[in-house]
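Data block below; observations after.
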There are 2 protein chains.
Amino acid sequence: MSTKSYHHGDLRQALLEAAEAELTETGLEGFSLRKVARRAGVSHAAPAHHFKDTAGLLTALCAVGYRRFVALQKQRQAVTPLDARSQQIAAGLGYIDFADENTALFRLMFGSRLPDFENADNAAAMSDAYLHLAKGVGASVEDNGPPDQQMMIDISATWAIAHGLADLLSSGRLHMVGSLTGPKRDEVLSGIIARCLPER
Amino acid sequence: MSTKSYHHGDLRQALLEAAEAELTETGLEGFSLRKVARRAGVSHAAPAHHFKDTAGLLTALCAVGYRRFVALQKQRQAVTPLDARSQQIAAGLGYIDFADENTALFRLMFGSRLPDFENADNAAAMSDAYLHLAKGVGASVEDNGPPDQQMMIDISATWAIAHGLADLLSSGRLHMVGSLTGPKRDEVLSGIIARCLPER
DNA sequence: GATCCTATCTTTTCACTGTCAAGATTTGGA
DNA sequence: TCCAAATCTTGACAGTGAAAAGATAGGATC
């Protein structure tokens with residue numbers, strides 16, 4: 001099934017990988033379904049059998065992105081003290097990690113209307129990502145009853161600061177902080193994120 | 001020069017307006033130079049004489065956006081107490097106003113690589129926007145000497161929270177805050193922005 | 001094992017797009 | 001008046017996404 005058979009074997013996965021590679025190289029602006037097909041070594045109409053159309057392919061890729069997005073946050077949190085505040089900051093750093101390392105995917109997920117956000121699988125992946133954020137904020141405040149307005153504000157603030165930093169950094173607009181690296185960078189970013197966390 | 005002459009009169013301006021209208025209707029994903037030309041009532045090749053290509057048109061539109069962007073911030077600031085902290089919060093609300101009322105343009109300015117950000121006019125408009133932000137932050141802290149690291153951090157934090165709120169709200173992801181309107185909305189957003197301002 | 005059904009992939013076709021080159025029209029100044 | 005430059009149109013070309021129809025392979029059933 002590898003070298004030259006008519007049937008590819010796992011074209012769906014191969015197309016997803018080709019699409020992501022294409023996305024990181026040319027950006028969303030230069031993205032082309034036919035180029036993805038060429039990169040995967042199949043005819044230009046082959047993708048239609050696994051993903052209905054371009055939007056379908058990008059929707060599937062979007063879901064992959066959201067899962068990796070949560071994974072990177074958890075990866076940061078796994079090496080961080082367990083108190084709620086530290087965990088929340090770590091999640092924010094993971095948010096920024098994702099945008100840095102997967103800029104094209106990040107743009108697709110948060111800056112495009114091409115993917116179908118109503119699609120079941122994609123919506124589930126997005127929901128998981130949101131719940132992970134909300135759960136983190138909820139843990140850092142007394143967790144009583146239904147989410148009140150104060151908690152919604154805390155969630156919004158936490159989300160907004162992480163997202164704002166991630167978006168501006170990944171698009172190369174925060175030259176001052178963007179030029180920092182390593183622990184110093186983490187320290188500065190942590191300080192900024194901490195400003196927005198619910199007060200203890 | 002109005003009804004049917006061969007020469008349009010002010011096609012450049014008409015194309016800019018048509019492009020913005022097209023952008024808000026179809027979004028950046030469905031944008032087409034030929035549709036813009038049709039909307040302006042000229043042939044498909046006419047735009048090339050005023051803007052080299054699609055990127056050129058979007059670059060010019062981008063510059064228009066940055067100027068309106070600053071104008072909306074100043075508009076908020078004009079009806080706000082003059083203390084530095086209130087002014088900074090007002091600028092943030094203007095930032096969000098712009099994203100809300102000019103979502104397509106906002107996406108073009110901050111979420112696309114199509115415009116040429118090295119273009120002189122566009123770069124100047126962007127620089128003005130950045131300087132307006134930096135000046136505001138500088139005024140809210142003791143203004144001595146060259147910008148030190150702490151001020152760069154304050155600028156980054158202020159920018160990030162405004163940008164994060166604007167981007168998430170304009171893309172309809174912050175349902176909780178997004179559903180608020182009027183003074184209540186301003187109050188909540190102001191509270192969130194205030195968290196990120198330099199401490200007095 | 002032979003047969004047939006279905007999933008998978010290719011080929012062909014069509015309308016649309018951006019860009020370029022060449023021609024037509026108008027304007028404004030010499 | 002006349003000509004050069006600016007402005008706009010027409011025509012052409014390669015590339016694109018999507019749909020339809022044909023080709024091939026895998027797997028189930030008998």
message: Heavy atoms only, 4.0 Å cut-off, all strands: where does B:His50 land among base, sugar-phosphate and nothing?
response: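 Here B:His50 touches the backbone only, sparing every base.
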task: Name the nucleic acid region contacted by B:Arg12, choosing base, sugar-phosphate or nothing; use a 4.0 angstrom heavy-atom cut-off, strictly under.
output: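 Here B:Arg12 touches no strand at all.
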Check the phosphate of [N] against [X], side-chain N and O only, distance under 4.0 Å to OP1 or OP2. Yes or no?
X       : N      : answer
B:Ser43 : D:dT10 : no
B:Arg34 : D:dT9  : no
A:Thr54 : D:dA18 : yes

message: For A:Asp100, give me all partners under salt bridge (Lys or Arg N to Asp or Glu O under 4.0 Å), at least two apart in sequence or on another chain.
response: A:Arg185
- line: By salt bridge (Lys or Arg N to Asp or Glu O under 4.0 Å), B:Glu25 pairs with (sequence neighbours left out) B:Arg39
- prompt: Of A:His44 and A:His49, whose nearest nucleotide on DNA chain D comes first from the 5' end?
  reply: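 Looking at DNA chain D, the more 5' nearest nucleotide goes with A:His44.
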- line: Per nearest nucleotide of DNA chain D, the residue lying toward the 5' end, B:Leu11 or A:Lys35, is B:Leu11
- prompt: Where the side chain of A:Ala45 is concerned, which of D:dT9, D:dA19, C:dC9 is the nearest nucleotide?
  reply: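 Within the option list, the nearest is D:dA19.
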Atom-to-atom span, [atom1] of [X] to [atom2] of [N] - whole angstrom:
X        : N      : atom1 : atom2 : value
B:Leu33  : C:dT19 : CG    : C1'   : 9 Å
A:Phe31  : C:dG18 : CZ    : C1'   : 19 Å
B:Asp10  : D:dT7  : CG    : P     : 11 Å
B:Leu114 : C:dT17 : CG    : P     : 16 Å
A:Phe51  : C:dT8  : CZ    : C1'   : 14 Å

Are [X] and [Y] within salt-bridge range, i.e. N to O under 4.0 Å?
X        : Y       : value
A:Arg68  : A:Glu20 : yes
B:Asp186 : B:Arg76 : yes
B:Asp121 : B:Arg67 : yes

query: Rounded to the nearest 0.5 Å, what separation is found between the CZ atom of B:Arg34 and the OG atom of B:Ser43?
result: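 So the gap between those two atoms works out to 9.5 Å.
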- request: Flag the pair A:Phe106 / A:Phe69 as yes when their ring centroid distance falls below 6.0 Å, and as no otherwise.
  value: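 Here the rings of A:Phe69 and A:Phe106 have centres that are no less than 6.0 Å from each other.
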query: Does anything in residues 14-28 of chain B reach DNA chain D, meaning a heavy atom under 4.0 Å, and if so which residues?
result: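 None, since no heavy atom is under 4.0 Å.
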